[in-house]
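Single-structure report; data block below.
We name chains A, B, ... by the order of the sequence lines, and we start the count at 1 in each one. Hydrogens, waters and symmetry mates play no part in the numbers below; they use all other heavy atoms, side chains included.
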Amino acid sequence: MIRVRFAPSPTGYLHVGGARTALFNYLFAKHNDGKFILRIEDTDLERSTAESEQSLLNTMEWLGFKWDEGPGVGGEYGPYRQSERMDIYKKMAHQLVEQDKAYEAYVYPEELEKIREELLAQKKSPHYNEEMLSQFDTPERREEYKAKGIEPVIYFKMPYKDYTINDLIKGEVTFKKGTVGDFVILRSTGLPTYNFAVVVDDALMKISHVIRGDDHLSNTLRQLAVFEGMEYPLPEFAHVSMILGPDGARLSKRHGATSVEKYQEMGYLPQSIMNYLALLSWSHPDEKEIMSMEEMVKEFTIERVNSSAAIYDEQKLRWMNGVYIRELDDDELTRYAKKYIIASGLMDETHFKSNYKWIREAVGSLKKKIHQFDEIPEKLEVFFKEPIFKKEWAQQIKDDDTDPAFIELYHQVKSADSWNIPDIYQLFKEVAKRVKVNSKKFYHMLRVVLTGEEDGPELVNVIHLIGRNQMLKRLERVVDMI
RNA sequence: GCUCCUAUCGUCCAGUGGUCCAGGACAUCACCCUUUCAAGGUGGAGACCGGAGUUCGAACCUCCGUGGGAGCGCCA
């Protein structure tokens, strides 16, 4: 049985890198009829918050992840929150001490720092071992600890040997002996450290494949030793490369929006985000780019995951979101647009409802223009605001020699007896029949006269939606001057 | 400093020893379509980090160099 997990720590919003790791785990699990497990790594009490966890869960759901085991859904290997598994880690750590694979250390941080400095001064790696730390384990020190009510930390004895894994993405990776020294597995607070808790959890949760970012590759050495010390079978490993910012540095806040929440706010569709993220280090066998979740699940294999780092390209994500927006029908688009429109103050709830058909056409006319929903209100303004008339427009029209067309259009509009889209088309045909005109120039200036803008929604929609009276009014101002 | 990972168009990917004067996508440029703009269509420009080696033959294999990234916490 294939069992994978995504194990975020609830210390902030879900990062796009994290979402990509989750996605790869998910695709791998679903492709192989396996289980996708969500585990919350909240052993860092200082930084973990319940709010972060909640937002993480919400975002995961919004993106479309469904976990088979984890917070909210349970499962037979729970609990799935590390903060609820404390006795397990404690028990495991002490078991290792009994087996002489780990030891207690009664050392104070200042003393440790001193050892470290000495080692550094001797140009040695700052690695600790039992010999260095056991000198502090005196009866007096033990008494002191007891009196102060603090617990000794537990160090894991790092065996002096090479470790090799066959990473599914990186291939054979060998960690040379002596690279790391003994390390803490249980803190003085009684809480486990990351490298220990992951192994205990992965082992107990019967995780078969550990798919994670390659920033954890170096940590794997310690984890390998712990797996061995606890006599648990090793899972398979697959280290996915990192996502970098445009400057080649690890993607972070200073590169702009990096949290999934932020993209949600800006009006990105979850399918665009997932589709784009899947394409970072992975590709469809036929180089297909736009894919549904089902297609991704169907085609995903770890062999096709590239092992080099990828630079995050927001522009391509934006393009892709545009592709998905264009696939939406007008009702769906309007549903998504609603909250942005209301938040902008262009319309209120009742106004929106009573003018639904009108707003739907207005929003629909924007479909090919937008890449994110938050662009909608601004582009909608032309339907709500009258442009401020500029005298230069009349001059420009005369220079373009399109003034006869404007005059003819004005008369046609004035005598028009109906105002639906086909009639508007007909009306323009009539104008063109009577006046020969450079259409490029004519339509451009017509847009300017009607909206005050150089570009915007479909002109027919603009004309239809502002209505005949507004059309006449706006035309009049310029026709009077030519 | 030590250890590990990595290196194909500006960017993301394809390519697993000959089918590659290297293919697709984003971005860019030109043209076409068009009731402006956009969307769409067609086309252009654009890359195998450097050096050795293995081989009849290397983008693909090996080594060295260089560049980039990551880890070395009682953070995860």
Side-chain angles (χ1 to χ4, degrees), chain A residues 7-11 41-44 46-48 82 105 107 109 112 116 120 123-127 151-155 167 169-171 173-176 178-181 183-195 197-198 213-222 239 241-242 244 246-250 276 279-290 303-304 306-320 322-323 326 365-370 424-425 428-429 431-432 439-448 453-460 462-463:
Chain A
S9 46
T11 55
E41 307 221 325
D42 54 354
T43 51
D44 182 358
E46 308 260 308
R47 297 196 299 153
S48 301
Q82 290 188 328
V107 62
L112 206 57
R116 186 190 158 83
L120 252 20
K123 295 213 166 73
K124 285 186 186 159
S125 301
H127 297 161
E151 303 230 351
V153 297
I154 295 181
Y155 271 81
D167 191 277
I169 293 171
K170 303 289 184 185
V173 179
T174 299
F175 303 96
K176 285 207 276 285
T179 310
V180 299
F183 57 93
V184 175
I185 55 176
L186 207 69
R187 300 180 262 212
S188 53
T189 52
L191 301 182
T193 56
Y194 166 77
N195 282 308
V198 215
D214 76 0
D215 47 337
H216 290 283
L217 190 54
S218 313
N219 287 321
T220 309
L221 170 58
R222 287 186 174 84
H239 286 94
S241 63
M242 310 242 70
L244 275 23
D247 58 355
R250 186 184 182 151
Y276 173 71
L279 260 21
L280 243 33
S281 292
W282 177 78
S283 61
H284 186 281
D286 301 330
E287 302 192 38
K288 205 172 164 193
E289 305 249 349
I290 303 292
E303 292 73 45
R304 288 195 68 81
N306 190 322
S307 68
S308 57
I311 291 175
Y312 185 69
D313 182 7
E314 192 164 4
Q315 213 162 25
K316 185 156 180 177
L317 205 210
R318 208 176 123 75
W319 162 78
M320 195 170 274
V323 172
R326 272 172 254 131
S365 73
L366 258 35
K367 199 186 283 181
K368 290 174 185 166
K369 314 267 176 187
I370 56 166
I424 294 168
Y425 271 111
F428 276 92
K429 243 183 217 165
V431 173
S439 60
K440 209 169 176 109
K441 287 178 175 172
F442 174 53
Y443 287 109
H444 176 73
M445 279 317 290
L446 180 60
R447 172 184 293 283
V448 172
E453 300 289 336
E454 298 280 332
D455 55 37
E458 294 290 335
L459 211 39
V460 222
V462 173
I463 291 166

Examine [N]: is either OP1 or OP2 under 4.0 Å from a nitrogen or oxygen in the side chain of [X]? Give yes or no.
| X | N | answer |
| --- | --- | --- |
| A/Arg318 | B/A27 | no |
| A/Lys441 | B/U36 | no |
| A/Thr220 | B/C4 | no |

Whole-Å [atom1] distance, [N] and [M]:
| N | M | atom1 | value |
| --- | --- | --- | --- |
| B/C26 | B/U16 | C1' | 26 Å |
| B/U66 | B/G50 | C1' | 7 Å |
| B/A14 | B/G23 | C1' | 6 Å |
| B/G71 | B/G53 | C1' | 33 Å |
| B/G41 | B/A27 | P | 12 Å |
| B/G10 | B/G18 | P | 26 Å |
| B/G24 | B/C5 | P | 34 Å |
| B/A22 | B/A47 | P | 9 Å |

Which one of A/Ser308, A/Ser307, A/Ser241 satisfies the side-chain hydrogen bond (donor to acceptor under 3.5 Å, both in side chains) criterion with A/Ser281?
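Exactly one candidate clears the test, A/Ser241.
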
Report the residue (A/Tyr443 or A/Pro8) whose heavy-atom-nearest nucleotide on RNA chain B is the more 5′ of the two.
A/Tyr443

Pairing nucleotide - [N], Watson-Crick or G-U, each distance under 3.5 Å:
| N | value |
| --- | --- |
| B/A14 | none |
| B/A52 | B/U62 |
| B/C72 | B/G1 |
| B/G40 | B/C32 |

Identify the two heavy atoms, one from [X] and one from [Y], that lie closest to each other, and give their separation to 0.1 Å.
| X | Y | value |
| --- | --- | --- |
| A/Val460 | A/Ile424 | CG1-CG2, 4.0 Å |
| A/Lys316 | A/Glu289 | NZ-OE1, 2.9 Å |
| A/Ala309 | A/Leu244 | CB-CD2, 3.6 Å |
| A/Thr220 | A/Phe175 | CB-CZ, 4.2 Å |
| A/Val323 | A/Ile290 | CG1-CD1, 3.9 Å |
| A/Val184 | A/Thr193 | O-OG1, 2.9 Å |

Specify the separation, in whole Å, of atom [atom1] of [X] and atom [atom2] of [N].
| X | N | atom1 | atom2 | value |
| --- | --- | --- | --- | --- |
| A/Arg250 | B/G69 | CZ | C1' | 10 Å |
| A/Ile290 | B/G24 | CD1 | P | 17 Å |
| A/Tyr194 | B/G71 | OH | C1' | 12 Å |
| A/Ile463 | B/U36 | CD1 | P | 12 Å |
| A/Arg326 | B/A38 | CZ | C1' | 9 Å |
| A/Lys440 | B/C33 | NZ | P | 10 Å |
| A/Phe175 | B/C2 | CZ | P | 18 Å |
| A/Glu454 | B/A38 | CD | P | 12 Å |

Would you mind classifying the nucleic acid contact of [X] as base, sugar-phosphate or nothing, using non-hydrogen atoms under 4.0 angstrom?
| X | value |
| --- | --- |
| A/Glu458 | base |
| A/Thr174 | sugar-phosphate |
| A/Leu459 | base |
| A/Gly248 | sugar-phosphate |
| A/His239 | nothing |

Ignoring the backbone of A/Arg47, work out which of B/A27, B/A76, B/G69 is nearest its side chain.
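Within the option list, the nearest is B/A76.
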
Of the candidate nucleotides B/A27, B/G71, B/A39, which contains the atom at the shortest distance from the side chain of A/Asp215?
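Of B/A27, B/G71, B/A39, B/G71 is nearest to the side chain of A/Asp215.
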
Side chain to side chain, [X] and [Y], heavy atoms closer than 4.5 Å:
| X | Y | value |
| --- | --- | --- |
| A/Gln82 | A/Leu191 | no |
| A/His284 | A/Arg304 | no |
| A/Ile463 | A/Phe428 | yes |

Ring-plane angle category for A/Tyr312 and A/Tyr276, please: parallel below 30°, perpendicular beyond 60°, tilted otherwise.
perpendicular

Taking the six-membered ring for Trp, is the centroid-to-centroid distance between A/Phe183 and A/Tyr194 below 6.0 Å?
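Ring centres of A/Tyr194 and A/Phe183 not closer than 6.0 Å.
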
Using a cut-off of 4.0 Å between protein heavy atoms and nucleotide atoms, how would you tag nucleotides 7-15 of chain B 5' to 3' with B, S and -?
S---SBSSS

Heteroatom pairs (N/O) under 3.5 angstrom, protein to nucleotides 72-74 of chain B:
| unit_1 | atom_1 | unit_2 | atom_2 | d |
| --- | --- | --- | --- | --- |
| B/C74 | O2 | A/Ser188 | N | 2.9 |
| B/C74 | O2 | A/Ser188 | OG | 2.9 |
| B/C74 | N3 | A/Ser188 | OG | 3.2 |
| B/C74 | N4 | A/Val107 | O | 3.4 |

